[in-house]
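These notes concern the structure reproduced below.
Computation of the quantities below employed the complete heavy-atom set of this structure, encompassing side-chain atoms and omitting hydrogens, waters and symmetry-equivalent molecules. We're numbering straight along the sequence, starting at 1.
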Amino acid sequence: MFSFDNSYARLPQVFHRPAKPAAAARPKLIRFNPALAAELGLDLAGVDDARLAQVFSGQVIPLGAEPIAQAYAGHQFGHFNPQLGDGRALMLGEVLDLQGRRRDIQLKGAGPTAFSRNGDGRAALGPVLREYMLSEAFAALGVPATRALAAVATGEAVMRETMLPGAVLTRVAASHIRVGTFQFFAAEGNDEAVRTLADHVIARHYPHVATAEKPYLAMLHAIAEAQSKLIARWLSIGFIHGVMNTDNMAVSGETIDFGPCAFLDEYDPRKVFSSIDQRGRYAYGNQPGIGQWNIARLAECLLPLIDENEEQAVEAANGVLAAFGEIFQAEWLSLFRAKLGLDGEAADDRQLVSDFLELMHQGEADFTLTFRALGKLAGGTADDVLLGQFKAPVDLSSWLARWRSRIDDGRVPATRQGAMDAVNPALIPRNHRIEEAIAAAVYNDFSFFHRLVDALSDPYRELPDAEDLRLPPTPEQRVTRTFCGT
Ligand code: AMP
Ligand code: MG
């Protein structure tokens, strides 16, 4: 089925532990992703749903798989934990996809591993479906993220606050190497393992830095660049990761481990949904600063590799942290220029964007629909479609006059709107719809889950049959708190 080539399993023993998927009572396929399977070059000839359920719940280990749990550490809400690791996940192996990219195939929720500590290694249906929906929404939105290949119900209950149905998610990632993977070895003072891991990461994700004068510094810069651009993308679609611990930050630059994540309804930079984020550490607007903080933790691990002279190593690492901020700012401005339909660059653009966001904040405007409505104005529709998005009274007239003079660049209105519609999604995974899909699935009704996954695959068009999915929540539908994926 898979053509495995397991480079991580070939790394020294300290990097991983053998893992064995647990038995599941009645595995049943919930959803499979044939488009992704094709991209991965999977050979599915003669494989029926029952067989898929066996494989993607870990009951049948495909030929060539070498199931392992990866070791990692991490800063959780700012506090270092030297022993985390895959407690609820195991990697089956790696494949080279049709484009020659190496991808990890991981089962999430397939039972305990050497790193499970007191956990059961299982996943409840809700978090599995949430990750499935979000992963595939990200793919369609064009934001780097891990992918979902399959969701299988185990037929067994897992004990959380109540008994819940259990499930296994098959996740596909460029790799599962985290900032926390480096921290695991650095904390042990195992410089050799840090170097081995860095060489692996360079070969796998950033081969162009191998020939740099200082390859490890160049790797740090490349990771910082990927992360800063990723976070700018998150902000551009109103995404709040929710648990930006260093163990939930992939060095590949893909969004990973989005547990209690959420999307903004109305714009508020201080918005937090996660029930465990009591101080708002991972609020929407804090994400760039936290990303930079996480990269600083990565830099600390790499100092001995960057320069023998500690002072010089620190100075070089500080240069990367400064670059993180600059790259983020430039990327953010470029994305928000496009969201506003601004062609080229003008000196006041950053101010124009910030002023609009400030008006949205005051006016409690829905983040997604407001940008979409602005696109309609650029296409020649009357101001009312935009004004209707503002719940609290704000005066937009002077801002609109500035914006109109800025976008008056000779393009025809339809072209301008088309460019804006291509970057401002009409449909996002609205928190209340995600919860609704999960709530029905827990009672064995997967129809809304399937409908939502299908709709989310086409987020930039206003399709008539997805109109209800685009609407913000009514007061009764509103989700105020999201919960961790464990
Ligand atoms: P998270 O922040 O949810 O990605 O998980 C943090 C740590 O807790 C990781 O080391 C996970 O492997 C571990 N963990 C989470 N849920 C479980 C579980 N049900 N059983 C064992 N370990 C878990
Ligand atoms: Mg995690």
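For the pair Ala53 and Ser57, the tightest heavy-atom approach, listed with the atom from each and the gap, is O-OG, 2.7 Å. Between Leu456 and Pro429, the shortest heavy-atom contact is CD2-N, 3.7 Å. For Asn245 against His75, the heavy-atom pair with the smallest separation is CB-O, 3.0 Å. Taking every heavy atom of both residues into account, Pro27 and Gln59 meet most closely at CG-CG, 3.9 Å. Closest non-hydrogen pair, Ser116 versus Gly121, comes out as OG-CA, 4.3 Å. Nearest approach of Leu469 to Ala455, heavy atoms of both residues: CD1-CB, 3.5 Å.
A 4.5 Å side-chain heavy-atom check between Val143 and Trp234 finds at least one atom pair inside the cut-off. Between Pro21 and Leu90, the closest side-chain pair of non-hydrogen atoms falls below 4.5 Å. Looking at Leu84 and Phe184, their side chains never come closer than 4.5 Å, going by heavy atoms from C-beta outward. Contact check for Pro288 versus Leu235: side-chain heavy atoms found under the 4.5 Å cut-off. Here the side chains of Met91 and Ile105 are not in contact, with every heavy-atom distance at 4.5 Å or above.
The residues Asp468 and Arg451 are annotated as salt-bridged, a charged nitrogen and a carboxylate oxygen being separated by less than 4.0 angstrom. Salt-bridge check for Glu266 with Arg478: passed, with a basic side-chain N closer than 4.0 Å to an acidic carboxylate O. Taking 4.0 Å as the cut-off between side-chain N and carboxylate O, Glu436 and Arg433 count as a salt-bridged pair. Of the charged side-chain nitrogens involved, none lies within less than 4.0 Å of a carboxylate oxygen, so that Glu94 and Arg101 do not count as a salt-bridged pair. The pair Arg147-Glu254 fails the salt-bridge criterion, with no side-chain N (NZ, NE, NH1 or NH2) lying under 4.0 Å from an Asp/Glu carboxylate O. A salt bridge between Glu39 and Arg103 is present, with a side-chain N of the basic residue lying under 4.0 Å from a carboxylate O of the acidic one. With respect to Asp454 and Arg31, a salt bridge is recorded, a charged nitrogen being found less than 4.0 Å from a carboxylate O. Between Arg233 and Glu331 there is no salt bridge, since none of the side-chain N atoms of the basic residue sits less than 4.0 Å from a carboxylate O of the acidic one. Using a 4.0 Å cut-off between a side-chain N of Lys or Arg and a carboxylate O of Asp or Glu, Asp458 and Arg461 qualify as a salt bridge. Between Asp257 and Arg178 there is a salt bridge, since a side-chain N of the basic residue sits under 4.0 Å from a carboxylate O of the acidic one. Of the charged side-chain nitrogens involved, none lies within less than 4.0 Å of a carboxylate oxygen, so that Asp120 and Arg122 do not count as a salt-bridged pair.
A cation-pi arrangement is absent between Arg404 and Trp399, since the terminal nitrogen or guanidinium carbon is not both under 6.0 Å from the aromatic centre and inside a 45° cone about the axis. In this structure, Arg281 forms no cation-pi arrangement with Phe77, as its terminal cationic atom is not both closer than 6.0 Å to the ring centre and no more than 45° off the ring axis.
Side chain of Asn248 to main chain of Val243: a donor-acceptor pair is present (N/O by atom type, distance under 3.5 Å, no hydrogens or angles). Judged purely by atom type and a 3.5 angstrom limit, Arg337 has no side-chain atom pairing as donor or acceptor with the backbone of Asp343. Ser228 places a side-chain N or O within donor-acceptor distance of the main-chain N or O of Ala224, the cut-off being under 3.5 Å. Side chain of Asp104 to main chain of His176: a donor-acceptor pair is present (N/O by atom type, distance under 3.5 Å, no hydrogens or angles). For the pair His241 (side chain) and Ile256 (backbone), a donor-acceptor distance under 3.5 Å is present. With Glu136 contributing its side chain and Ala148 its backbone, the two residues share a donor-acceptor pair below 3.5 Å. Between the side chain of Lys339 and the backbone N or O of Ser236 there is at least one donor-acceptor pair closer than 3.5 Å.
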Worksheet item: So Phe263 and Phe273, ring-ring contact (aromatic ring centres under 6.0 Å, His included) or not? Walk me through it.
Response: CA-CA 9 Å; Phe263 277 77; Phe273 287 91; 9.6 Å; no
Fill in: Audit row: Val453, Leu129, side-chain contact (heavy atoms from CB on, under 4.5 Å) steps and yes/no
CA-CA 10 Å; Val453 176; Leu129 297 187; over 6 Å; no
Worksheet item: Does the side-chain contact (heavy atoms from CB on, under 4.5 Å) test come out yes or no for Val168 and Thr154, once each step is laid out?
Response: CA-CA 7 Å; Val168 176; Thr154 57; 3.8 Å; yes
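Under the salt bridge (charged side-chain N to carboxylate O under 4.0 Å, His left out) criterion, Glu131 pairs with Lys108, Arg171, sequence neighbours left out. With sequence neighbours excluded, no residue forms a ring-ring contact (aromatic ring centres under 6.0 Å, His included) with His361. For the ring-ring contact (aromatic ring centres under 6.0 Å, His included) test, residues two or more places apart in sequence or in another chain that qualify with Phe2 are Phe4.
For the side-chain contact (heavy atoms from CB on, under 4.5 Å) with Trp403, the qualifying choice from Val353, Leu374, Asp355 is Leu374, the only one to do so. Partner Ser175 forms a side chain to side chain donor-acceptor pair (under 3.5 Å) with one of His205, Arg102, Arg204 and no other, that one being His205.
Phe115 has its ring centre no less than 6.0 Å from the ring centre of Tyr72. Close placement of the Phe32 and Phe56 rings is indicated, their centers lying within 6.0 Å of each other.
The line from CZ of Arg297 to CG of Asp247 is 14.0 Å long, rounded to the nearest 0.5 Å.
The aromatic rings of Phe446 and His450 lie tilted to each other, with the angle between the two planes from 30° to 60°. Aromatic ring orientation, Phe336 versus Phe371: perpendicular (interplanar angle above 60°, classes split at 30° and 60°).
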